[in-house]
A.B. asks: 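Quick one: the structure is below, and I'll ask about it shortly.
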Amino acid sequence: MQPPAPDTPSTPPEPPTPQAPTPGRLRLAPALSDLPGAPETVSARKNGPMSQPNAAQDQSAAESEPSPAPSASHPQPSVGSLAAHRPHPVASGDYERSAAKLAGIVADIDADPDDYEEDYASQDGAELPQGRFLDRERSWLAFNERVLELAEDPTTPLLERANFLAIFASNLDEFFMVRVAGLKRRIATGVATRSASGLQPREVLELIWNRSRELMARHAACYQDEVAPALADEGIHVVRWNELTDKEQSRLYTLFMQQIFPVLTPLAVDPAHPFPYISGLSLNLAVVVSNPVSGHRHFARVKVPPLLSRFLEASPQRYVPIEDVISAPRHLGELFPGMTIEEHHMFRVTRNEDLEVEEDDAENLLKALEKELMRRRFGPPVRLEVEETIDSEVLSLLVRELKVSEAEVYPLPGPLDLTGLFSIAGIDRPELKYPKFVAGTHRDLAEVESASAPDIFAALRSHDVLLHHPYDSFSTSVQAFLEQAAADPDVLAIKQTLYRTSGDSPIVDALIEAAEAGKQVLVLVEIKARFDEQANIKWARKLEEAGCHVVYGLVGLKTHCKLSLVVRQEGESLVRYSHVGTGNYHPKTARLYEDLGLLTANQEVGADLSDLFNRLSGYSRRETYRRLLVAPKSLRTGLITRIEKEVQHHRAGRPAYVRIKVNSMVDEAIIDALYRASQAGVPVDVWVRGICAVRPGVTGLSENIRVRSVLGRFLEHSRVFAFGNAGEPEVWIGSADMMHRNLDRRIEALVRVEDPAHRAALNRLLETGMSDSTASWHLGPDGNWTRHATDPSDPAGRPLRNVQEMLIDARRRRRGTATP
């Protein structure tokens with residue numbers, strides 16, 4: 001079966017060359033390479049738009065800007081970052097990214113660029129048809145479309161709709177910064193090859209341009225035509241400058257002069273002033289002014305300060321974009337005194353912000369990464385967003401100086417950068433949000449809820465505990481586990497992996513406390529966690545200063561497994577207590593990520609974790625474990641072996657099934673194993689949040705495969721692998737998605753769940769998520785997702801069950817607070 005062929009767009013025309021300036025026309029700067037003795041611009045240096053500039057040489061010509069935050073440089077903070085000064089009530093820092101961008105949906109962007117072009121030949125590839133894999137970039141765009149559908153849904157609480165609009169925009173920013181940038185880089189260097197879906201790299205790039213343009217238009221229309229008017233109906237007004245009252249404008253003038261004007265830097269562009277460096281994701285004003293004496297028109301750029309609130313409160317519940325305040329006629333007059341302001345336009349550039357670090361010398365990895373983080377500021381542009389009313393002459397200047405093609409220009413209605421809606425979504429109007437839910441202590445840790453923390457070690461000596469966050473409290477389980485270990489004089493050692501954590505993490509504090517108490521503390525910090533590199537470097541050094549043994553994993557591999565090991569002296573014996581999870585040790589996102597974790601005193605699991613930590617910190621070459629599957633050596637083969645066993649069970653008439661819940665399903669070897677299982681008649685269910693390259697429902701190939709996706713208030717982040725196993729179900733949980741990077745270039749770990757009650761609970765969860773009576777999106781063989789939110793048999797359109805609300809209500813019912 002061949003994949004659907006994309007539309008074949010024409011080759012983008014070359015951008016027009018601006019005419020020579022004359023009196024009365026905009027004096028655009030000539031290309032600096034055409035000026036005798038002029039320095040090179042950032043965008044023109046080396047070999048065109050894909051080259052990396054020399055940051056040190058550019059400081060004289062480029063605007064001096066602060067280093068970006070450790071995440072995509074949105075005005076809202078990333079996880080664990082930015083408690084910046086916000087002088088106004090609606091400040092993006094007041095609504096954590098962990099409570100906004102992550103409120104149910106986050107893109108799985110953290111992928112290596114060569115995931116685009118890994119030609120794949122199945123071991124039994126001749127048995128399976130060509131075109132059996134969906135394109136991963138198209139699938140990612142379909143994922144973000146599902147996010148947009150939540151924003152478009154009038155039954156979604158209003159401020160959550162605004163939040164989903166911001167999530168969509170933020171996801172797309174990261175997609176361009178990493179995936180599109182990586183694809184462009186590989187095309188430019190000539191190493192890009194046909195993808196597993198059968199598309200050529202250029203076809204993929206054009207598909208992205210065309211599809212993202214459609215989605216961005218829908219996104220803007222949803223805000224302009226639906227969400228903004230609905231907010232106004234609720235008394236929350238996001239207005240433009242000319243809609244403000246005289247009193248509001250006067251108040252904002254005072255604010256402008258006191259808090260905004262002093263930090264603005266207008267940069268002229270002319271033969272004496274080269275085109276300035278435009279930082280990624282910054283909002284910018286392109287201003288055209290004229291000299292009233294000479295009549296000459298000039299171009300200048302004004303950057304919107306990124307650390308100020310995106311929306312300013314003009315009066316209670318009335319907000320105006322900060323760029324409107326800066327561009328007000330009187331305010332621009334303060335920036336350009338004596339000049340005539342003729343026009344101004346907003347624009348925004350997205351740049352390649354992926355990292356490339358050579359890891360042949362692990363000892364210098366920390367310094368190499370810090371250097372690369374500085375260089376990332378100067379990545380080449382991959383997208384130019386402009387207001388749709390922009391003057392053609394100004395646009396020509398931007399296109400030429402930024403070295404972007406016309407296909408990479410996105411005209412949109414203002415305001416640009418709707419990630420700023422995170423701050424609006426943070427307004428304290430609980431009636432316009434999902435009902436508040438506070439997780440309780442897991443019942444296996446405390447029979448009765450109380451103010452005192454449960455004794456974790458005593459509970460684990462009697463039974464394993466299967467945690468399901470955010471429905472089970474992270475703070476009274478995993479966090480308490482490590483805090484009690486740090487304070488317990490009988491604990492001798494703690495070993496911990498950290499992939500992402502918050503800036504004020506109690507986990508880090510507990511590890512520091514343990515080290516200062518003389519315990520042996522080993523912390524494996526993954527400093528290459530995308531967009532959290534700077535924060536992780538900071539906490540790695542803080543841990544080292546406290547006396548922790550900090551290591552950075554294995555050369556060439558990211559350490560993504562979620563493991564914690566505590567060694568405790570109990571009488572004459574040493575007892576090992578373990579936690580193996582699917583999510584990061586991040587207390588804030590644990591309230592918004594759906595994740596699983598196993599707390600256990602099982603000594604086989606403890607021995608496995610000891611062996612794995614020894615491998616990560618020393619020179620162990622162990623590749624097999626008792627109750628773990630570990631990538632890159634045994635995880636893929638272990639799963640494929642179990643899928644193939646299900647085929648054998650089915651052929652022998654024994655109970656057989658495969659059920660998988662992951663964030664992404666891309667790995668071709670795993671998918672081919674699922675196809676072969678389907679061909680043999682084994683029922684296969686795949687619950688995936690984001691990207692999926694499986695074509696379900698194809699006759700003769702995958703008619704026994706179903707694919708579902710659940711999006712909502714929590715981010716579905718857990719990974720579960722369940723097998724029928726002839727009536728004795730085998731269930732695994734862990735950190736790995738089914739992607740090349742997870743299975744080949746990361747340390748990942750799955751743990752086998754032994755308790756029959758736990759296995760049954762996980763299978764019930766998988767069955768609920770895949771049920772036709774549960775609200776979800778269904779994937780078709782053509783790669784299109786169809787939303788199923790209402791009961792088709794009910795004339796009134798009764799909503800289908802929401803799996804997340806069901807789990808919330810179950811926890812409330814347990815505490816006697818269920819909704820009627």
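Computed from a predicted model, the values in this text were never measured in an experiment.
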A.B. asks: Are Phe168 and Leu418 side-chain neighbours, meaning at least one heavy-atom pair lies under 4.5 Å?
C.D. replies: no
A.B. asks: Using the rule side chain to side chain donor-acceptor pair (under 3.5 Å), only one of Arg719, Lys558, Glu748 pairs with Asn742; which is it?
C.D. replies: Glu748
A.B. asks: Check step by step if side chain to side chain donor-acceptor pair (under 3.5 Å) holds for Tyr593 and Ser718.
C.D. replies: CA-CA 8 Å; Tyr593 278 42; Ser718 65; over 6 Å; no
A.B. asks: My understanding is that only residues two or more places apart in sequence, or in another chain, count here; which of them pass salt bridge (charged side-chain N to carboxylate O under 4.0 Å, His left out) with Arg708?
C.D. replies: Asp772
A.B. asks: Can a donor-acceptor pair be found, under 3.5 Å and without considering hydrogens, that links the side chain of Arg213 to the backbone of Ala407?
C.D. replies: yes
A.B. asks: For Glu145 and Arg138: C-alpha separation, side-chain torsions, deciding distance, then whether salt bridge (Lys or Arg N to Asp or Glu O under 4.0 Å) applies.
C.D. replies: CA-CA 10 Å; Glu145 182 178 18; Arg138 179 189 174 195; over 6 Å; no
A.B. asks: Picking from Arg689, Glu716, Met738, Met739, what satisfies side-chain contact (heavy atoms from CB on, under 4.5 Å) with Asn663?
C.D. replies: Arg689
A.B. asks: Mind checking what makes salt bridge (charged side-chain N to carboxylate O under 4.0 Å, His left out) contact with Asp667, not counting sequence neighbours?
C.D. replies: Arg636
A.B. asks: Look at the side chain of Asp782 and the backbone N and O of Asn784, then say whether any donor-acceptor pair between them is shorter than 3.5 Å.
C.D. replies: yes
A.B. asks: Taking all non-hydrogen atoms of both residues into account, name the closest pair between Leu743 and Ala631 and its distance.
C.D. replies: O-CB, 4.0 Å
A.B. asks: Answer yes or no: is there an ion pair linking Arg202 with Glu206, defined by an N-O contact shorter than 4.0 Å?
C.D. replies: yes
A.B. asks: Taking only residues two or more places apart in sequence or in another chain, which ones pass salt bridge (charged side-chain N to carboxylate O under 4.0 Å, His left out) with Arg642?
C.D. replies: Glu730
A.B. asks: Looking at Glu137 and Arg211, is there a salt bridge between them, counting it only when a charged N and a carboxylate O are closer than 4.0 Å?
C.D. replies: no
A.B. asks: With the side chain counted from C-beta on, respond yes when Glu203 and Leu207 share a heavy-atom pair under 4.5 Å apart, and no when they do not.
C.D. replies: no
A.B. asks: Between the side chain of Thr497 and the main-chain N/O of Leu563, is any donor-acceptor distance below 3.5 Å?
C.D. replies: yes
A.B. asks: Side chains of Ile705 and Tyr675, heavy atoms from C-beta outward: is any pair under 4.5 Å?
C.D. replies: yes
A.B. asks: Side-chain contact test, heavy atoms from C-beta onward, threshold under 4.5 Å: evaluate it for Phe347 versus Leu398 and give yes or no.
C.D. replies: yes
A.B. asks: Answer yes or no: is there a side-chain heavy-atom contact under 4.5 Å between Arg615 and Val630?
C.D. replies: yes
A.B. asks: Are the charged groups of Asp173 and Arg348 less than 4.0 angstrom apart, N to O?
C.D. replies: yes
A.B. asks: Contact between Ser709 and Arg146 at the side-chain level, heavy atoms closer than 4.5 Å - yes or no?
C.D. replies: yes
A.B. asks: Set out, in order, the CA-CA distance, both residues' side-chain angles and the distance that settles side chain to side chain donor-acceptor pair (under 3.5 Å) for Lys303 and Ser279, then state yes or no.
C.D. replies: CA-CA 9 Å; Lys303 179 182 177 180; Ser279 55; 3.2 Å; yes
